[in-house]
Amino acid sequence: MALNEMQRQAVECTEGPLLVLAGAGSGKTTVLVNRVRYIIEKGLALPWQVLAITFTNKAAGELKERLVKALGEEANEIWAFTFHSCCARMLRRFGERLGYTGHFTIYDTDDQRRVMKHCQKSLGISDKILNHKSIINEISAAKDSLIGVKEYRESSANDFRKSKIADCYELYQKELLKADAMDFDDIIFNAVRLLEENGDVREHYQKQFKYVMVDEYQDTSHAQYVLVSLLAGGYENICVVGDDDQSIYRFRGATVENILSFEQRFKNAKVIRLEQNYRSTQNILDGANAVIANNKNRKGKNLWTAAGAGEKIILNTVNNENEESSFIAQEILKNVENGRKMSDHAILYRMNAQSRNLEITLTKSGIPHKIIGGNRFFDRREIKDIVSYFAVVNNPADNVRLQRILNVPKRGIGSTMAANVMEISTGLGISAFEVCERSDEFQKTLRSAQKLKDFAALIRHFQNFLNDGATLTELLEEIIKETGYFEYLAEDEPESAEDRKNNINELSSMFENYIQEDGDFELSDFLEDVALVSDIDSYNENEDCVVLMTLHSAKGLEFPVVFISGMEEGIFPSSLSVYSTEDLEEERRLAYVGITRAKEKLYLINARTRMLYGTTGRNMISRFIRELPESVTEDITADVYSRQSPVSVGRFGRSGAETIINRSSSSAAGKFGQVNSSPSNTGTVYSVGDTVRHKTFGTGIIISASAMGNDTLLEVAFDRAGTKKLMANFAKLEKI
DNA sequence: CCCTGGCCGCTTTTT
DNA sequence: GCGGCCAGGG
């Protein structure tokens, strides 16, 4: 593809800081590829002096692939990585500076949970008072802002809750260090520490990276921003590419401010906008532009295309989620009859929980499909068990994984004994593995000493087996054989044993692939992949099937035909977001991302009632549909009476939620008679300092109250849910 | 030590 | 609807 003028500028502007504001489908990857190619062909840098950081493995892989196509084999020398794999690479090499070995373990969220529960137990902090989830979230947020244990404790001086979290934070990090393990946030945090505290390491990388490029810059956290600044600190040739309208990870610590304030932070930075879209039709772009225009906090841009108007955006209101699934299935079959491929279609939704119904219907209709996300392959129980064996063989200090397999398959080591082992491990600061090996030395483990020692010997045996030159496939077979894992599966739950066995065997073929790609592939490489790879990465667009995934997972992808299901208030936007402007704007950006995935045809579907989490709820049509100009949409709802011109803007609308009742004048009226969230104008007066209780957020204290129309906007600091903005008349707060 | 059954609470998005 | 957690019985 020939570059347009803006793209060409972005490619050739190689020196100094550069911000590329790239709209959806504006040829961002093309620019990145050509920029690297330009730098290398001009002789400005050697391949290994170029660092290109992306957010997902898929994006990194794609980038690398296209670079190899453009530049040949030498492109493999380019540092094209994700944040996490790039940092892991630096830490494997220099991690001893921070007290880690070169083969540290990466803990996923489940491992994290287990460690935290253990810490809470040790510290006597009940989950009922302070639940592990909020502790983990708070620690994670701290690390994203580069706040270490010490600083966190200092900031928590007079706050009981925070000081308890500080205790957990401290012990948690201690346990992780002892286990030679890092969680996702540690990987970034520690990489920054490594560079900040070690001048020689910093200089090493600053000298190496003549050019640094960052993709999806809108999704970077503060820690990632600092990391990038450090890495680019030598030459200051830093190019960041992003789209503030596609920032959808704020909830996880991403700060759009990184992009909004790039020009202040990097003086004399150039800014280039890419607004020409090469993906979608004008109708789809008009829709996307109209929706995102409702956001206040954005740089502002307008996508346009040289392609024609194309088909209109199809709107359909159905009665329930089953009708929704059937409609989608029928449309797909119709489209396929008319010459489309299965793989031209994607079904997107807000939450993974929505995929169930769709999957059942697609299966019934004989439509080949693949679900991305939900439960990851590596999150399956049997895979986690086997991977835990590998992990302990690789790193016996890995207490979490050791605990997982200590009694799986059952070998007579119960939970009491496991707890004793952990207690000694924490108390003496030695690994649980060592406690097992020396179990005859401790009073509390004496009773099961033989079993524990046998277990340790088993792990030693696997280590020797591997050291004697066994391949990973052979080790897998040895583990299955020696532990009797298949027999355990067959006994434990005969119904699913066969599936689980197949999954485990899938690991063998995975090993074969790895080895074919890279002859030096080792156990630790495998474990790193397990930790950092998600299944979107293995999504293969050449397979002819329909894909189902969340809107988040779909970022960066495109499809000729896109269905977005569940376009309903409370689903999308999520019910948890409608009280805060910031959260709502993020939902709207997510809608923007979703809409712009479609190249030719977009369907937006909403159901009047939907069964979710076991109960049926009624939802109004999503405000994002109402924000579309009528000129670009076509409503094919079967019973038209149900959709008159948009009247209310949802729960916030002056006219209130009842408007929906007026819409269904026929027999359906009964069904719609009761809308669950009508305003309850109780006339209660709230004032700052009041303690209140909310149905879902729990108890909290009002920290601000300001009049807004004939309602009051309250800001409430909840004990568990954080600070939320609520409208007094709608929130149904109970004063206590 | 291990299994079962019942109850409770949650229920957004993911590198 | 599901998974985690606990209590009680084998």
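First the proteins, then the strands, lettered A, B, ... as listed; each starts at 1. For clarity, every value in this text was computed on a predicted model and none was experimentally measured.
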Does the ring centre of A:Y485 sit less than 6.0 Å away from the ring centre of A:Y488?
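Centroid distance A:Y488-A:Y485: below 6.0 Å, so yes.
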What about A:H118 and A:Y172, are their ring centers closer than 6.0 Å?
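Centroid distance A:H118-A:Y172: not below 6.0 Å, so no.
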Are more than 12 heavy atoms, taken from residues, nucleotides or ligands other than A:R356, located less than 6.0 Å from that residue's CZ atom?
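For A:R356, atom CZ is not crowded (no more than 12 foreign heavy atoms under 6.0 Å).
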Between A:F81 and A:W79, how do the two ring planes meet: parallel, tilted or perpendicular, split at 30° and 60°?
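A:F81 vs A:W79 ring planes: perpendicular.
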So what does A:F55 touch, heavy atoms closer than 4.0 Å: a base, only the sugar-phosphate, or nothing?
sugar-phosphate
For a quick check of understanding: with a heavy-atom distance under 4.0 Å over all strands, which category does A:F83 fall into, base, sugar-phosphate or nothing?
nothing
A:E585: what forms a salt bridge (charged side-chain N to carboxylate O under 4.0 Å, His left out) with it, not counting sequence neighbours?
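Partners of A:E585 under the salt bridge (charged side-chain N to carboxylate O under 4.0 Å, His left out) test: none.
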Are [X] and [N] close enough that a side-chain N or O sits under 4.0 Å from OP1 or OP2?
X: A:R356; N: B:dT11; result: no
X: A:T416; N: B:dC1; result: yes
X: A:N352; N: B:dT13; result: yes

Separation of atom [atom1] in [X] from atom [atom2] in [N], rounded to whole Å:
X: A:I372; N: B:dT15; atom1: CD1; atom2: P; answer: 11 Å
X: A:D529; N: B:dT15; atom1: CG; atom2: P; answer: 13 Å
X: A:E582; N: B:dT12; atom1: CD; atom2: C1'; answer: 17 Å
X: A:Y217; N: B:dT15; atom1: OH; atom2: P; answer: 21 Å
X: A:M611; N: C:dC2; atom1: CE; atom2: C1'; answer: 13 Å
X: A:R380; N: C:dG3; atom1: CZ; atom2: P; answer: 13 Å
X: A:I136; N: B:dT14; atom1: CD1; atom2: C1'; answer: 15 Å
X: A:L590; N: B:dT12; atom1: CG; atom2: P; answer: 14 Å

Choose from [options] the nucleotide whose nearest atom is closest to any side-chain atom of [X].
X: A:T56; options: B:dT15, B:dT14, B:dT13; answer: B:dT15
X: A:M351; options: B:dT13, C:dG1, B:dC1; answer: B:dT13
X: A:H552; options: B:dC1, B:dT14, B:dT12; answer: B:dT14
X: A:T550; options: C:dG1, B:dC1, B:dT14; answer: B:dT14
X: A:K133; options: B:dT11, C:dG1, B:dC1; answer: B:dT11

Minimum heavy-atom separation for A:N295 and A:R589, please, with both atom names.
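Answer, listing the atom of A:N295 first, then A:R589: ND2-CG, 3.6 Å.
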I need the minimum non-hydrogen distance between A:E587 and A:S577, along with the two atoms involved.
CG-OG, 3.1 Å
Once hydrogens and angles are ignored, does a donor-acceptor distance under 3.5 Å link the base of B:dT13 to the side chain of A:R350?
yes
Taking C:dG4 as the reference, what is the distance to B:dT13 when you measure between their P atoms (whole Å, please)?
16 Å
Apply side chain to side chain donor-acceptor pair (under 3.5 Å) to A:D186 and A:Y107, showing your working.
CA-CA 10 Å; A:D186 284 332; A:Y107 275 181; over 6 Å; no
Atom pairs, protein N/O to nucleotides 2-5 of chain B N/O, distance under 3.5 Å:
residue: B:dC2; atom: OP1; partner: A:G412; partner atom: N; Å: 3.2
residue: B:dC2; atom: OP2; partner: A:N407; partner atom: ND2; Å: 3.4

Ring centroids of A:F251 and B:dT13 base under 5.5 Å with planes under 30°:
yes
